[in-house]
Amino acid sequence: MENRIKLIRKELGLTQETVARLLGVGKSALSMIETGKAALSERNKNILVQELNVNPEWLEEGRGEMFNCPREECIAFLKRTDRSLPHQSVPLYDIEGTAGLVPLFLDRQNQKPVDYIHIPNLPKCDGAVYIVGDSMYPLLKSGDIVLYKQVNSIEDIFWGDMYLLSIDIDGEEYITVKYIQKSERAGHVKLVSQNPHHADKEIEVSRIKALAFVKASIRMNSIK
């Protein structure tokens, strides 16, 4: 695997300093990784997959293509454009395994995904999770998967769109998917469900501990 790190760097025309900075390690540490004297951590594997769009199967086993997209598309990906990519590996996380949405968002690069999702022609996604509950039924149902892009501030949201949220309720984390609309009450937002049996709720913005824009969803059907 160590030699593959050097191949990635050379293919993208990146210096050791650039890759070391991306991985959060020193140049000497990267040299040791590239020469096989040190192992690549799970955190650094996640960074290569999520930030450089490296194919996780190629990274682990040398199978398939190096990247999930052509070289020029990966360079655009590296520059953080929001254009759609032919392919990317979106990490699927187990919320229970990460102890909630807040720890996942704070330390995403150190979290081990349960798998990767491959959907063509999507803008960059930070991850995917299973949802629980029926507040967005019939659009979404419990067990479906949502692919998301993390949002750092409530000021950056698009009013009326669908978001994945972590809300503090009496010290407990409540994770939900809702439409977010403006509220007439200062310091509040309105959470709106798709399911008419779920009433709209107004909550204080300060209670929102994590926020992500829902980019796509996957319906999980079962035959009984």
Side-chain angles (χ1 to χ4, degrees), residues 23-24 41-51 56 88-119 122-137 139-181 183 187-195 197-220 222:
L23 297 179
S41 69
E42 195 64 42
R43 174 182 181 276
N44 288 338
K45 292 177 189 176
N46 288 342
I47 292 174
L48 292 171
V49 171
Q50 297 171 26
E51 303 299 328
Q88 63 176 301
S89 298
V90 180
L92 173 63
Y93 297 105
D94 176 6
I95 289 291
E96 293 184 1
T98 62
L101 205 60
V102 174
L104 172 60
F105 282 12
L106 289 176
D107 196 25
R108 175 169 56 93
Q109 291 172 340
N110 280 320
Q111 302 290 346
K112 184 176 178 60
V114 296
D115 211 332
Y116 290 92
I117 296 173
H118 303 270
I119 299 178
L122 275 181
K124 185 180 185 301
C125 296
D126 291 328
V129 295
Y130 292 99
I131 63 169
V132 178
D134 64 349
S135 66
M136 298 304 288
Y137 185 84
L139 187 61
L140 296 172
K141 64 183 181 65
S142 187
D144 287 354
I145 295 172
V146 293
L147 292 82
Y148 63 82
K149 174 69 175 176
Q150 189 174 345
V151 176
N152 295 320
S153 170
I154 194 74
E155 304 298 328
D156 296 329
I157 73 167
F158 298 97
W159 298 108
D161 277 335
M162 189 187 303
Y163 287 85
L164 174 68
L165 306 97
S166 171
I167 305 170
D168 180 21
I169 300 181
D170 297 328
E172 297 288 335
E173 183 183 19
Y174 172 66
I175 299 172
T176 185
V177 175
K178 291 284 194 294
Y179 296 116
I180 299 182
Q181 296 181 358
S183 170
H188 289 67
V189 294
K190 182 185 292 185
L191 303 184
V192 179
S193 301
Q194 181 78 17
N195 191 332
H197 297 293
H198 289 253
D200 299 344
K201 295 181 180 180
E202 293 195 357
I203 66 164
E204 295 175 282
V205 171
S206 61
R207 289 170 55 190
I208 300 176
K209 302 305 179 182
L211 183 64
F213 178 59
V214 175
K215 292 272 191 176
S217 64
I218 301 173
R219 167 55 53 88
M220 305 296 288
S222 60

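All figures in this text were calculated on a predicted structure; none of them were measured in a lab.
Here the closest heavy-atom approach between residue S193 and residue K178 is recorded as OG-CE, 3.1 Å. Residues Y93 and G127 come closest through the heavy atom pair CE1-CA, 4.2 Å. Here the shortest heavy-atom pairing between P56 and S89 reads CD-OG, 3.0 Å. Listed here is the closest heavy atom pair of E173 and S166: OE2-OG, 2.6 Å. Nearest heavy-atom pair across L23 and N44 is O-OD1, 3.2 Å.
Residues forming a side chain to side chain donor-acceptor pair (under 3.5 Å) with Y179 (at least two apart in sequence, or on another chain): Q194. Here S142 pairs with V132 under the side chain to side chain contact (heavy atoms under 4.5 Å, CB included) rule; sequence neighbours left out. Residues satisfying the side chain to side chain donor-acceptor pair (under 3.5 Å) criterion with Y130, sequence neighbours excluded, are absent altogether. Applying the side chain to side chain contact (heavy atoms under 4.5 Å, CB included) rule to Q181 yields the partners K190, V192; only residues at least two apart in sequence or on another chain are considered.
Two residues are said to be in side-chain contact when any heavy atoms from C-beta on lie closer than 4.5 Å; N46 and V49 fail this criterion. Side-chain contact check for I167 versus L191: some heavy-atom pair is nearer than 4.5 Å. Counting heavy atoms from C-beta on, the side chains of V90 and I119 never come closer than 4.5 Å. The side-chain heavy atoms of V146 and M162, taken from C-beta on, include no pair separated by under 4.5 Å.
When atom types are taken as modelled, the side chain of Q150 and the backbone of D126 share no donor-acceptor pair closer than 3.5 angstrom. Counting only distance, with no hydrogens or angles, the side chain of Q88 and the backbone of P123 share a donor-acceptor pair below 3.5 Å. A donor-acceptor contact shorter than 3.5 Å is absent between the side chain of Q50 and the backbone of Q109.
The side-chain hydrogen bond (donor to acceptor under 3.5 Å, both in side chains) contacts involving residues 198-208 comprise D134-H198, S183-E202, where partners must be two or more places apart or lie in separate chains. Identified under the ring-ring contact (aromatic ring centres under 6.0 Å, His included) test for residues 147-175, with sequence neighbours left out: F105-Y148, Y163-F213.
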Review point. Passes side-chain contact (heavy atoms from CB on, under 4.5 Å), I208 versus I203? Steps please.
Key: CA-CA 8 Å; I208 300 176; I203 66 164; 3.7 Å; yes
Check your understanding: How far apart are the C-alpha atoms of M136 and D144, what are their side-chain angles, what is the distance that settles it, and do they pass the side-chain contact (heavy atoms from CB on, under 4.5 Å) test?
Key -> CA-CA 11 Å; M136 298 304 288; D144 287 354; over 6 Å; no
Exercise for review: Carefully, step by step, assess D161 and V214 under the rule side-chain contact (heavy atoms from CB on, under 4.5 Å).
Suggested key: CA-CA 8 Å; D161 277 335; V214 175; over 6 Å; no
Check your understanding: Where do L211 and I180 land on the side-chain contact (heavy atoms from CB on, under 4.5 Å) test, with the steps shown first?
Key -> CA-CA 11 Å; L211 183 64; I180 299 182; 3.7 Å; yes
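Between atom CG of residue N195 and atom CG of residue L139 there is a gap of 11.0 Å, rounded to the nearest 0.5 Å. Interatomic distance, S217 OG to I131 CD1, rounded to the nearest 0.5 Å: 8.0 Å.
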